[in-house]
Amino acid sequence: MHIAQDPLSVEVTLPREDVALLTVEGYLDVDTATEFQHHLANQLHHGRRHFLLDLSAVPFMDSSGMNIILRVYQEARELPGSVHIISPTPAVRRILDLTGVSITVPVSESVEEALERVDAHPQGPDRPEA
């Protein structure tokens, strides 16, 4: 029986009522992506519109993780809301850059920088201001 060397840990905090900060630790791959997706779906269900994904403790991410990030990005845009990736490790940043995900989903170096981007575009980055 295969036991995961690095099980996924996801800690959810709420910097604001409509903002969920998900601090992810461990490998974000086909074995752990469903757990990550459940945390995001739960926050969507509770009315969060902006998602800050701290990937600073994720040494590896495969297409399963990227697909979930892109899916929540699409769902958040329709709310309207936003998704921000925070401090990806060099290996994860390389994957995001190679696949073009970092062009679509903003990458910030800190939670504060991501929150500033949320404030600058409260309706999402592609939405006109109301």
Side-chain angles (χ1 to χ4, degrees):
M1 183 169 123
H2 175 70
I3 306 224
Q5 294 294 98
D6 293 301
L8 190 71
S9 161
V10 179
E11 179 184 331
V12 179
T13 54
L14 304 174
R16 300 182 190 157
E17 182 60 33
D18 63 344
V19 178
L21 169 61
L22 288 85
T23 304
V24 186
E25 186 174 338
Y27 286 72
L28 187 49
D29 57 21
V30 67
D31 294 326
T32 59
T34 304
E35 180 182 348
F36 181 51
Q37 186 172 4
H38 286 308
H39 284 283
L40 288 165
N42 186 39
Q43 293 307 309
L44 276 166
H45 176 75
H46 284 92
R48 312 297 176 241
R49 296 177 35 229
H50 302 283
F51 299 87
L52 312 182
L53 310 178
D54 182 342
L55 304 183
S56 61
V58 177
F60 174 81
M61 179 173 66
D62 69 7
S63 60
S64 304
M66 284 186 298
N67 287 334
I68 290 169
I69 291 171
L70 289 171
R71 195 172 310 136
V72 76
Y73 173 80
Q74 284 300 114
E75 291 181 38
R77 279 187 55 183
E78 292 169 11
L79 291 175
S82 62
V83 175
H84 302 268
I85 295 171
I86 299 169
S87 299
T89 56
V92 170
R93 177 64 192 240
R94 185 164 187 266
I95 296 293
L96 294 170
D97 289 345
L98 285 172
T99 57
V101 173
S102 60
I103 294 169
T104 305
V105 182
V107 178
S108 300
E109 291 305 312
S110 66
V111 172
E112 294 76 22
E113 181 184 336
L115 285 171
E116 287 173 13
R117 288 180 168 191
V118 168
D119 290 342
H121 303 284
Q123 299 302 314
D126 302 333
R127 303 284 177 152
E129 297 296 319

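Worth knowing before you read on, the calculation uses all heavy atoms, side chains too, and leaves out hydrogens, waters and symmetry mates.
Residue pairs meeting the salt bridge (charged side-chain N to carboxylate O under 4.0 Å, His left out) criterion with at least one partner in residues 39-48, sequence neighbours excluded, are E17-R48. Sorted by first and then second residue, the salt bridge (charged side-chain N to carboxylate O under 4.0 Å, His left out) pairs involving residues 95-104 (not counting sequence neighbours) are R93-D97. Every pair passing salt bridge (charged side-chain N to carboxylate O under 4.0 Å, His left out) that includes a residue from residues 103-116 is listed here, sequence neighbours excluded: E113-R117.
A pairwise comparison of heavy atoms in Y27 and L8 identifies O-CD1, 3.5 Å as the closest pair. The minimum heavy-atom distance between F36 and L22, with the atom names listed, is CE1-CD2, 4.3 Å. Between V107 and P88, the shortest heavy-atom contact is CG1-CD, 3.6 Å. Nearest approach of I95 to T99, heavy atoms of both residues: O-OG1, 2.8 Å. Between L79 and G81 the shortest heavy-atom distance is CB-N, 3.9 Å.
Within the 3.5 Å criterion, the main-chain N or O of P80 finds a donor-acceptor partner in the side chain of R49.
Among T23, V19, T13, L21, the single residue meeting the side chain to side chain contact (heavy atoms under 4.5 Å, CB included) criterion with V111 is L21.
Every residue two or more places apart in sequence or in another chain was checked for a salt bridge (Lys or Arg N to Asp or Glu O under 4.0 Å) with R71, and none qualifies. R94 pairs by the side chain to side chain donor-acceptor pair (under 3.5 Å) definition with nothing, not counting sequence neighbours. N42 is linked by a side chain to side chain donor-acceptor pair (under 3.5 Å) to H46, counting only residues two or more places apart in sequence or in another chain. Listed by chain and residue number, E25 satisfy the side-chain contact (heavy atoms from CB on, under 4.5 Å) test with S9 (two or more places apart in sequence, or in another chain).
Counting heavy atoms from C-beta outward, Q43 and V72 have side chains that stay 4.5 Å or more apart. No side-chain heavy atom of V105 sits less than 4.5 Å from a side-chain heavy atom of H84.
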Going by atom type alone, with no hydrogens or angles, which donor-acceptor pairs under 3.5 Å involve a side-chain atom of residues 51-65 and a protein atom two or more places apart or on another chain?
from : atom 1 : to  : atom 2 : distance (Å)
D54  : OD1    : S56 : N      : 2.9
D54  : OD1    : S56 : OG     : 2.7
D62  : OD1    : S64 : N      : 2.9
D62  : OD1    : S64 : OG     : 3.4
D62  : OD2    : V30 : N      : 3.1

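Separating the CD atom in Q37 from the CG atom in N67 is a distance of 9.5 Å, to the nearest 0.5 Å.
Under 3.5 Å, the side chains of H50 and S82 contain a donor-acceptor pair of N or O atoms.
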Quick one: do H45 and L40 satisfy side chain to side chain contact (heavy atoms under 4.5 Å, CB included)? Show the steps, please.
-> CA-CA 9 Å; H45 176 75; L40 288 165; over 6 Å; no
